[in-house]
Amino acid sequence: MIFFRKDEQLEKIGNGILEATWATFPTLARNQVALTWIVYDPPIAVNTGGALTPDAFWNHTARGFTYRGVERIYPASVVKLFYLVAVNEWLEKGMIQSSQELERALKDMIVDSSNDATSLIVDILSGTTSGPELPVGPFETWKYQRHIVNRYFQSLGWEEMETINVCQKTWGDGPYGRERAFYGEILDNRNMVTTNAIAKLIHSIVGGVAVSSARSQAMMNLLKRSLKPDDLPKDVEEDQVTGFLGSGLPPNAQLWSKAGWTSQVRHDAAYIELPNQQPYNLVVFTEGKANAKSREILPFVSQQFVAAISNL
């Protein structure tokens with residue numbers, strides 16, 4: 001059972017937005033985009049500051065629309081959402097201890113999308129480190145440890161998590177040594193997720209039921225983005241707002257998000273609140289070199305959803 005119910009009205013709107021996007025951006029093939037859109041109708045069960053118990057929250061079924069939402073796609077830095085939740089679970093269970101360095105790395109991984117910070121987080125989660133290639137026996141143990149985050153998400157029993165792979169670090173230049181060996185000869189072990197899996201993860205965070213309500217709130221604090229141009233980080237290749245879903249929002253919107261990009265993909269995953277409208281959760285993945293470079297596609301899609309929400 002997927003966590004949202006399909007809805008005719010949203011289906012019609014979602015398909016219309018996709019058609020408009022393909023008409024506007026001829027470089028974007030129909031199999032180079034995937035999206036999941038969840039609308040929170042009143043009574044709104046998300047961003048309540050932990051007012052609902054997990055049972056009460058999961059009994060609320062939101063409406064949604066998905067296009068290719070079960071396709072496995074390389075997530076780039078959107079995978080950091082999974083590591084964010086996992087760290088909070090490990091902390092909650094006492095499997096790791098908080099420290100200044102862990103907190104600094106967590107913040108830099110989400111706020112600035114630092115790959116170096118993510119490397120430390122994956123080491124802490126799995127009790128492994130990068131380095132030269134390992135002999136067969138120790139390498140088997142190392143690999144088993146590195147799949148610990150996969151095992152955690154599978155233990156939740158969520159259908160959306162059955163096909164994902166979240167065990168790799170994120171790189172600037174790519175993996176070396178044991179990390180390269182872990183990717184597999186033809187990179188068949190790289191991170192792969194679906195937009196439905198990401199949407200469910202965001203749904204649980206904004207619902208206040210990811211790990212605990214206090215930890216969900218702490219995660220939301222890290223994911224919050226300012227839309228004010230003066231607040232955006234300077235001297236970075238991408239600021240996670242410009243050229244992403246945040247660019248398509250009016251200045252009075254509220255945004256919580258995590259973007260991902262490489263030379264091959266441009267993705268964004270967001271929870272959005274507009275004044276006096278239903279809040280929504282929107283995950284959009286695009287693939288292909290030309291689309292990864294484009295800073296227009298995701299803002300265009302975002303604008304279409306803003307317009308749609310005001311007409312619901």
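Values in this document were obtained by computation on a predicted structure and should not be read as measured data.
Cation-pi geometry between Arg30 and Tyr67 is not met at under 6.0 angstrom from the ring centre and within 45 degrees of the axis. For the pair Lys200 and Trp58, the cation-pi test (distance below 6.0 Å, angle within 45°) is passed.
Summarising the local packing, CD of Glu185 is surrounded by 12 or fewer heavy atoms from other residues, nucleotides or ligands at distances under 6.0 Å.
Linking ILVMFWY residues whenever their side-chain heavy atoms come closer than 4.5 Å, directly or via other members, places Ile272 and Phe305 in the same cluster. The hydrophobic clustering, which links ILVMFWY residues whose side-chain heavy atoms are closer than 4.5 Å, places Leu249 and Leu232 together. Hydrophobic clustering of Ile, Leu, Val, Met, Phe, Trp and Tyr side chains at less than 4.5 Å, counting indirect connections, keeps Phe285 apart from Leu18. Under the 4.5 Å side-chain heavy-atom criterion for grouping Ile, Leu, Val, Met, Phe, Trp and Tyr, Tyr183 is not connected to Tyr176 through any hydrophobic cluster. Hydrophobic clustering (side-chain heavy atoms under 4.5 Å, transitive across Ile, Leu, Val, Met, Phe, Trp, Tyr) keeps Met109 apart from Val241.
Note that CZ of Arg5 and CD1 of Ile38 are 10.5 Å apart. Values are rounded to the nearest 0.5 Å. The CG atom of Asp116 sits 9.5 Å away from the CG atom of Asp108 when rounded to the nearest 0.5 Å.
Val78 and Gly260 make their closest contact through CG2-N, 3.7 Å (heavy atoms, listed as atom of the first residue, atom of the second, distance). When all heavy atoms of Leu255 and Gly246 are compared, the pair lying nearest together is CD2-CA, 3.7 Å. Taking every heavy atom of both residues into account, Ser98 and Leu91 meet most closely at N-CD2, 3.5 Å. Nearest heavy-atom pair across Trp261 and Ser113 is CH2-CB, 4.4 Å. Closest of all the heavy-atom pairs between Ile148 and Leu125 is CG2-O, 3.6 Å. Residues Ile44 and Tyr40 approach most closely at CG1-O, 3.5 Å, considering heavy atoms.
Side chain of Gln217 to backbone of Ala214: no donor-acceptor contact under 3.5 angstrom is found. For Arg146 (side chain) and Cys167 (main-chain N/O), a donor-acceptor pair under 3.5 Å exists by modelled atom type. Remark: side-chain polar atoms of Gln145 are paired, donor with acceptor, to backbone N or O of Ser126 under 3.5 angstrom. Remark: side-chain polar atoms of Asn189 are paired, donor with acceptor, to backbone N or O of Phe182 under 3.5 angstrom. Asn88 contributes a side-chain N or O that, together with a main-chain N or O of Leu84, makes up a donor-acceptor pair within less than 3.5 Å. Between the Gln240 side chain and the Val111 main chain, a donor and an acceptor come within less than 3.5 Å of each other. Here the side chain of Ser302 pairs a donor or acceptor atom with the backbone of Leu245 at under 3.5 angstrom. Between the side chain of Asp239 and the backbone N or O of Pro233 there is no donor-acceptor pair closer than 3.5 Å. Between the side chain of Arg68 and the main chain of Asn31, a donor-acceptor pair closer than 3.5 Å is present.
A salt bridge is absent between Glu287 and Arg266: the closest approach of a Lys/Arg side-chain nitrogen to an acidic carboxylate oxygen does not fall below 4.0 angstrom. Using a cutoff of 4.0 Å between basic side-chain nitrogens and carboxylate oxygens, Glu11 and Lys6 are not scored as salt-bridged. Electrostatic pairing of Lys93 and Glu89 counts as a salt bridge here, judged by a charged N lying under 4.0 Å from a carboxylate O. Using a 4.0 Å cut-off between a side-chain N of Lys or Arg and a carboxylate O of Asp or Glu, Asp123 and Lys169 qualify as a salt bridge.
Across Val79, Val122, Leu81, a single residue satisfies side-chain contact (heavy atoms from CB on, under 4.5 Å) together with Val166, and that is Val79. Here the options are Phe57, Trp158, Trp37, Phe4, the test is ring pair (Phe, Tyr, Trp, His ring centres under 6.0 Å), and the partner is His203; only Phe57 passes.
A tilted orientation is assigned to the rings of Tyr271 and Trp256, their planes being inclined by 30° to 60°. Ring orientation note: the planes of Tyr152 and Trp90 are nearly perpendicular, at an angle over 60° on the 30°/60° scale.
In this structure, a donor-acceptor pair under 3.5 Å is absent between the side chains of Thr27 and Lys289. Using modelled atom types, one finds a donor on one side chain and an acceptor on the other under 3.5 Å when comparing Asp41 with Gln278.
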Candidate pair Lys12 and Glu8, rule side chain to side chain contact (heavy atoms under 4.5 Å, CB included), full reasoning: CA-CA 6 Å; Lys12 198 172 160 195; Glu8 213 172 302; over 6 Å; no
task: Assess whether side chain to side chain contact (heavy atoms under 4.5 Å, CB included) is satisfied between Ile198 and Lys258, documenting all intermediate values.
output: CA-CA 10 Å; Ile198 294 281; Lys258 183 71 201 77; over 6 Å; no
query: Could you go step by step and tell me if Leu312 and Arg63 meet the side chain to side chain contact (heavy atoms under 4.5 Å, CB included) rule?
result: CA-CA 12 Å; Leu312 273 188; Arg63 293 190 291 158; 4.0 Å; yes
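Counting only heavy atoms from C-beta outward, the side chains of Ile13 and Phe65 never approach each other to under 4.5 Å.
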